[in-house]
Number of protein chains: 4
Amino acid sequence: MAKKSIDKYEAILDAAAKIIGEVGYHKAQISKIAREANVAEGTIYLYFKNKQDLLLSLFQKRYGEFISNLKFEVANAKTPMDKLKKLITMHLENSERDRNFAQVTQIELRQADRDLRQKLSELLKDYFDIIESIIEEGKEQGIFRKDISTKVMRRMIFGTLDETVSSWLLSSRRYSLSRLSNDIFELFCYGLVKPE
Amino acid sequence: MAKKSIDKYEAILDAAAKIIGEVGYHKAQISKIAREANVAEGTIYLYFKNKQDLLLSLFQKRYGEFISNLKFEVANAKTPMDKLKKLITMHLENSERDRNFAQVTQIELRQADRDLRQKLSELLKDYFDIIESIIEEGKEQGIFRKDISTKVMRRMIFGTLDETVSSWLLSSRRYSLSRLSNDIFELFCYGLVKPE
Amino acid sequence: MAKKSIDKYEAILDAAAKIIGEVGYHKAQISKIAREANVAEGTIYLYFKNKQDLLLSLFQKRYGEFISNLKFEVANAKTPMDKLKKLITMHLENSERDRNFAQVTQIELRQADRDLRQKLSELLKDYFDIIESIIEEGKEQGIFRKDISTKVMRRMIFGTLDETVSSWLLSSRRYSLSRLSNDIFELFCYGLVKPE
Amino acid sequence: MAKKSIDKYEAILDAAAKIIGEVGYHKAQISKIAREANVAEGTIYLYFKNKQDLLLSLFQKRYGEFISNLKFEVANAKTPMDKLKKLITMHLENSERDRNFAQVTQIELRQADRDLRQKLSELLKDYFDIIESIIEEGKEQGIFRKDISTKVMRRMIFGTLDETVSSWLLSSRRYSLSRLSNDIFELFCYGLVKPE
DNA sequence: AATGAATGAGATTTCATTCAT
DNA sequence: CATGAATGAAATCTCATTCAT
């Protein structure tokens, strides 16, 4: 086999997600990741520049896939309301399906050093863009209120989803995450106050 | 804590908040905190069991003060709406006033190891209780909708505030945080959808 | 003891000289030097910035002492011929007395990376200056020939002494080094050719 | 060596000389040498036992050629003085012509481990023999003085040439090396002292 | 013969924590 | 109570060498 095996690349990424999910980024030793991936330590450095690059690649790949699925589904939804609904559902379902991904995304990413966090937040920007474009579309169509800035709204949406997933992770996932979609959607659209 | 110089205890906590706020928990060396506090490294271990205990104490103290202020103000507010408004304002104002506090609370806490994070989330529980009791009161008084669980609502409120402060910190605090209170309050109460 | 012990500093330097003398710079592990000095590995980093700094300090100290002795003795010698004689003698005697020093100076220093070697050759410059000033003085007094450049002469003197010590070290020091002073002096002064 | 492609063998040696000349023995990675030689890393181990063997072979080949040329020229020169002159000239000219050779010979060889250096100095022995036989011949013919041992004389000759080349290399070769031959010859024959 | 992906021992350096003074 | 020098475990990354293809 002349080319570096794509299997090994995947194996290392999977192993990293697992170990980081279990013990956190800082405690995730390269040696453990290597063992988990059935690979020698040095091999990891054939595929990734260093530990940080491994984390970055992990996030990039997993988040990248999610974002592109999300884009597709959102584009296919008709109304801004449908799009928002879809986004909430996908965020929660994806987190529920891949626990390691959620763990890394929600919690461990924040362990990174200042500069890594900077790079990571650039990746998040794609997600933010999708959320904001839904909001803008809603505003244009006269469905969403225009008196509140799009950024504030986006932070509510992302912050709520993020916190919801974090809680679920810390609770050891004793309840169904995706079943919350409807309520959260309702809350986003109409707020806490009971309509008369 | 009762014996020993209370000044030193305070000095160390202040130094820790400063250093951690600057470089993050993992990069905050005990030696730097000691130098900042004008204390020998060993002295820190007379007041705190270890580095983790120092962070925990820091959080406990700062968050404790905040929580007790919050309780007081919330108790004094008349309606659930007023209480919610007060909570939002205080959360944002407090974060804006004490940058180190916000930094530690929002971002650095997540760097902690699994068990530390567990302990910290227990401290957060007090905050959650306040939020939830406001919601319950609102529900009882027929102001807030009852068809959505209190926990889901609480996660929206906390998650949104958390994300809002995080964004502000990462943006290098180039805008006024507390000025967002009204919009966030509006959003919480009435949601995204434009009333006709 | 409040101040870092000067004893430890010395002990580490001695240990480094010994270990480097035995196995060479690259194979001289910090851990071995630490064991030899009866010190923990970390302690070495309290006294020296890194391994390279340790070597540099070692050379600086030992060579510095030698140079200052040499300067003193050379200043006290009357004629350029006496000065040259003294220099030869001291070079050989010093190497003979402190085998580790010689080993490090003659052989191991050259192992250094490009930049370290640069720094080291700056230190050697002091030695070169002494040699060249003796030559210049001899030329001025009409004792040494003026038709050959001082640098060429200096290189002969240093190169010969250096090679002589290197040979002696590689021969496992089976003969007396300092006893060669006279012959070398003769050779420097009058050359290979038999006077008629 | 007889079998296998002699081209590859040469290519590897050339590449090794180039890389070692550039970055030194310790920093010369096998992977870089392989790339420079347009060969796979593993291939190097078909031709050489290990890295050390590669260096040894390199030296052997280059020095061997030089030595055999030297022998030829020295045999053709008439007097011991002519022979000495020739040797000086060839040493300097060869170093000047092949910078990599000089670099490896003068400086990088010293980076080798103890046992490698031992082997290398055995190779040098051939060179030493030539020098010493010139000296002996001179002594027999009554041209060179007999009161100084041949070894001491040889060390002066080799040491001076060695140091001269080293200086030139470290000076980034800003002057002509071979033009120094005459002065050095003069110095060897008649010494520093001005004849009256 | 040739390849180059894979290996894994090994070395430096950091830093929370201890303990003799 | 206070100090800060000393400790040493731990973790990343490198690179000569091997070996399956």
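These values consider heavy atoms only, across backbone and side chains, with no hydrogens, waters or symmetry-generated copies. For clarity, every value in this text was computed on a predicted model and none was experimentally measured. The chains referred to below are lettered A, B, ... by the order of the sequence lines, with proteins before strands, and numbering in each begins at 1.
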**Prompt:** Could you state the CG-P distance from A/L54 to F/dT12, rounded to the nearest angstrom?
**Reply:** 11 Å
**Prompt:** Do the charged groups of D/K61 and D/D14 touch, with an N to O distance under 4.0 Å?
**Reply:** no
**Fill in**
In whole angstroms, the gap separating C1' of F/dA5 from NZ of C/K8 amounts to 8 Å
**Request:** Determine, for B/E22 against B/K32, whether the closest basic-nitrogen to carboxylate-oxygen distance falls under 4.0 angstrom.
**Result:** no
**Prompt:** Roughly, in whole Å, what's the span from CD in B/Q29 to C1' in E/dT17?
**Reply:** 14 Å
**Message:** Assuming nearest nucleotide by heavy-atom distance, tell me which of C/A28 and A/G42 is located more 5' along DNA chain E.
**Reply:** A/G42
**Prompt:** Name the stems that DNA chain E belongs to, where each is three or more consecutive Watson-Crick or G-U pairs with both distances under 3.5 Å?
**Reply:** E:2-21 with F:2-21
**Fill in**
In whole angstroms, the gap separating C1' of E/dC15 from CD1 of C/I44 amounts to 16 Å
**Message:** Looking at E/dA11, I'd like to know if its phosphate oxygens (OP1 or OP2) sit under 4.0 Å from a side-chain N or O belonging to C/K51.
**Reply:** no
**5′-ward residue of the pair C/V39/D/N50 relative to DNA chain F** = C/V39
**Complete:** Regarding the side chain of B/E41, the nearest nucleotide among F/dT7, E/dT13, F/dG4 is F/dG4
**Message:** Judged by each residue's nearest nucleotide on DNA chain E, which is more toward the 5′ side, D/A40 or A/N38?
**Reply:** D/A40
**Message:** Any base atoms under 4.0 Å from A/I30, or only sugar-phosphate, or nothing? Heavy atoms, all strands.
**Reply:** sugar-phosphate
**Request:** Check the distance between F/dT3's C1' and B/Y45's OH and give it to me in whole angstrom.
**Result:** 14 Å
**Item:** Pi-cation contact, B/Y45 with B/K51 (under 6.0 Å, within 45°)
**Value:** no
**Request:** Starting from C1' on F/dT3, measure out to CZ on B/R35 and report it in whole angstrom.
**Result:** 15 Å
**Prompt:** Does a side-chain N or O from C/Y47 land closer than 4.0 Å to OP1 or OP2 of F/dA6, or not?
**Reply:** yes
**Request:** Could you tell me which non-hydrogen atom of C/D53 sits nearest to which non-hydrogen atom of C/K49, and how far apart they are?
**Result:** OD2-N, 2.9 Å
**Fill in**
Whole-Å distance, A/D53 CG to F/dT12 P, equals 14 Å
